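Heads up, the thing below is written out as structure tokens.
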Amino acid sequence: MDHIAQSLIRIVGEARFSDRPEEAYFYSRDPGLMPPHKPDYVVIPERVGEIQEIVKIAAREKIPIVPMGAGLALTGLIIPLKGGIVIDMKHMNRVLKVNEGGRYAVVEGGTSQGALKAYLEKNHPRLRHSIPDSPATATIAANVMIHGQGRLTQQYGFNSDMVSGLEVVLASGEICRIGSCALSPDWFSKGPPMPDLTGLFLGWFGATGIITKVGVKLYPKKRLRDVEIFVTDRDDLIPEMVYELTHTEMVEDINIFAQPKPMIFKDNHHITMFFTGDTEEELEFKRKMVWHALDRFIKSKDGGFMGLPPVMKPTLLETPQRSVSRFADVKKGGGFEYSGPIIMVDRYPQCVRKIVVLAQKYDLGYSGMARIIGRSHAMMYGFAFTFNRADPDMMERTRKALHEVSEFALEAGGVFWKATVHEQKMAMDRMDPNTLGLMKMIKKNMDPDGIMNPGNWEVD
Ligand SMILES: Cc1cc2nc3c(=O)[nH]c(=O)nc-3n(C[C@H](O)[C@H](O)[C@H](O)COP(=O)(O)OP(=O)(O)OC[C@H]3O[C@@H](n4cnc5c(N)ncnc54)[C@H](O)[C@@H]3O)c2cc1C
């Protein structure tokens, strides 16, 4: 056994270390299309001190480290492109603190969405956080690292906008606290009114530091939730409809989906709206406001509310929505990737037409889904394709389709979300040179030896 392996075992013990090929296989891939690449070592730390020691070894030996949550970002961000040490964060899964009055929680850097949700339901039933529709094992730190979106995004922005502080292990192995927690015991702000340093980490995919604690803002959890779906065949009217809906400020979350299967959904666009309230009266009032906002589209016969059979509601009201994961395996064989550019809402018709063209051109199963970010400030448009991993031809067709999506996203004025390495390069080639210069400055100083998730945001 080599000396690096021995040092890592000294830190985490044999049970939480592996350099065996069969285990490296699982850490070499994700469900998406990026070719696999094996790590040399995998470690599963349980304490911040262990992460510090691991990072110090990586810095001394100049070998890569790749932090990993659940590995569900799908765009290859946890694939150890240059080998090295994968740090599997999942054992750091504790909720450390909830401040009920200040409505925030502090969790460890590998805490899953499901763990925080369950903890709050049991101990703080009047609070909740912004849960994405990814499987419940997805981690909170990784989700804010990639600027994910969840159930409260229409009201409060990206999930990363709801961060209230970070603790990070830097490439040197030092620990750094970001936000009010840098000088106060309270984790109520990620920066303001001081400089907001979370930007040195969030969006960098672990290429500047490893999050060991994250503070997230919590929001009121109302007693009741309901869902309505407004259906239209006019993609060109969707931006106007969303504008009217967001003007009401009555809706928790707005998702729009268009997909060819099952048949009931074909050729239509479905605006799914979620409402919350503490009483039936509150819900009824919100429903009325929304009906009123969309009334003119009903009168012009451009859309109408879908009568939702009672059996459908619980599925739609699930958080996270398991139906999203079920789509991921429609083709069987475990292949799923979606590109989700962040783009203006008025580009909805272009996006939805593009996904139909691509699905036909490459003969693929697809689902198009938009999640509204803020009060119609932007949307994440998910170009989702499912494929069978045992079918290399289908994988290649999906790869080509997603490549076209990347080109399209930039042409349509969008920016990449959870960008693949290829998209990162496209973005860096096209961005303002002074912005790129600033990124170079940050990366060079934060990770002078280039050991942090190398291959990602390689600005040099
Ligand atoms: C069916 C399905 C539905 C989805 N729906 C949504 C959705 O509604 N909203 C949404 O936002 N996303 C969604 N996703 C995408 C993705 O699963 C989530 O964003 C998820 O939160 C990613 O978390 P993860 O733990 O799997 O991240 P990983 O893939 O493990 O990591 C993502 C990135 O973060 C880095 N990282 C991980 N942990 C740390 C750490 N502690 N410190 C520093 N860097 C770290 C990794 O190196 C990597 O670059 C969905 C995915 C699937 C499969």
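Being a predicted model, the structure only gives us computed values, none of them experimental. Each residue takes its place number in the sequence, starting with 1.
Glu423 pairs by the side chain to side chain contact (heavy atoms under 4.5 Å, CB included) definition with Ser339, Ser406, Phe416, Ala419, Thr420, not counting sequence neighbours. Scored by the side chain to side chain contact (heavy atoms under 4.5 Å, CB included) test, Asp88 finds Tyr27, Ile44, Lys90 as partners (sequence neighbours excluded). Every side-chain hydrogen bond (donor to acceptor under 3.5 Å, both in side chains) that Asp196 has, sequence neighbours left out, goes to Lys190, Thr198. Listed by chain and residue number, nothing satisfies the side-chain hydrogen bond (donor to acceptor under 3.5 Å, both in side chains) test with Asp429 (two or more places apart in sequence, or in another chain). Contacts of Gln149 classified as side-chain hydrogen bond (donor to acceptor under 3.5 Å, both in side chains), with partners at least two apart in sequence or in another chain: none. For Gln424, the side-chain hydrogen bond (donor to acceptor under 3.5 Å, both in side chains) partners are Asn456, not counting sequence neighbours. Looking at residues two or more places apart in sequence or on another chain, you find no ring pair (Phe, Tyr, Trp, His ring centres under 6.0 Å) involving Tyr362.
Heavy atoms only, all atoms of each residue included: Ile451 and Ala171 are closest at CD1-O, 4.2 Å. Across every non-hydrogen atom of Met92 and Thr212, the tightest pair is CE-O, 4.4 Å. Across Ser376 and Val242, no two heavy atoms sit closer than the pair OG-CG1, 3.6 Å.
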Please set out all donor-acceptor pairs under 3.5 angstrom arising from side-chain atoms of residues 62-82, sequence neighbours excluded.
residue : atom : partner : partner atom : Å
Thr75   : OG1  : Lys418  : O            : 2.8
Lys82   : NZ   : Glu458  : OE1          : 3.3
Lys82   : NZ   : Glu458  : OE2          : 2.9

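With a 6.0 Å radius and a threshold of 12 heavy atoms from other residues, nucleotides or ligands, Glu407 has its CD atom above the threshold. The 12-atom threshold is not exceeded at NZ of Lys444, counting heavy atoms of other residues, nucleotides or ligands nearer than 6.0 Å.
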Can you list the steps and then say if Asp186 with Ser180 is a side chain to side chain donor-acceptor pair (under 3.5 Å)?
-> CA-CA 7 Å; Asp186 301 316; Ser180 58; over 6 Å; no
Using the side chain to side chain contact (heavy atoms under 4.5 Å, CB included) rule, take Tyr104 and Ser164 through it: C-alpha gap first, then chi angles, then the decisive distance, then the call.
-> CA-CA 7 Å; Tyr104 71 80; Ser164 67; 4.0 Å; yes
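A side-chain donor-acceptor contact under 3.5 Å links Glu50 to the backbone of Glu46. No donor-acceptor pair closer than 3.5 Å links the side chain of Arg375 to the backbone N or O of Glu249.
Within the model, atoms OH of Tyr366 and OG1 of Thr398 stand 14.5 Å from one another, a figure rounded to the nearest 0.5 Å. We find the CD1-OH distance between Ile54 and Tyr41 to be 13.0 Å, quoted to the nearest 0.5 Å. Here the straight-line distance linking atom CE of Met395 with atom CG of Asp393 works out to 11.0 Å at 0.5 Å rounding. With rounding to the nearest 0.5 Å, the separation of CD1 in Ile140 from CD1 in Ile211 is 11.0 Å. The structure places NZ of Lys440 at 11.0 Å from CG of Asn434, a figure rounded to the nearest 0.5 Å. Between Arg389 atom CZ and Leu33 atom CG the span is 7.0 Å, to the nearest 0.5 Å.
Below 30°, between 30° and 60°, or above 60°: for Phe257 and His270 the angle between ring planes is below 30°, a parallel geometry.
No close placement of the Phe336 and Phe385 rings is indicated, their centers lying 6.0 Å or farther apart.
Every pair tested for salt bridge (charged side-chain N to carboxylate O under 4.0 Å, His left out) that includes a residue from residues 27-37 fails, sequence neighbours excluded, so the list is empty. Screening residues 146-166 for salt bridge (charged side-chain N to carboxylate O under 4.0 Å, His left out) gives Asp133-Arg151, Arg151-Asp253 as the qualifying pairs, with residues at least two apart or on separate chains. Residue pairs meeting the ring pair (Phe, Tyr, Trp, His ring centres under 6.0 Å) criterion with at least one member in residues 126-163, sequence neighbours excluded, are Tyr156-Tyr219. Among pairs with a residue in residues 91-105, those fulfilling salt bridge (charged side-chain N to carboxylate O under 4.0 Å, His left out) read Arg94-Glu108, at least two apart in sequence or across chains.
Ion pairing between a basic and an acidic side chain is recognised when a charged N comes within 4.0 Å of a carboxylate O; Glu252 and Arg128 show such pairing. Ion pairing of Lys400 with Glu404 is absent here, as no side-chain N (NZ or NE/NH1/NH2) approaches a carboxylate O to less than 4.0 Å.
Inspection of the Thr208 and Asp447 side chains reveals no N or O donor paired with an N or O acceptor under 3.5 Å.
Between Ile51 and Met89 there is a side-chain heavy-atom pair separated by less than 4.5 Å.
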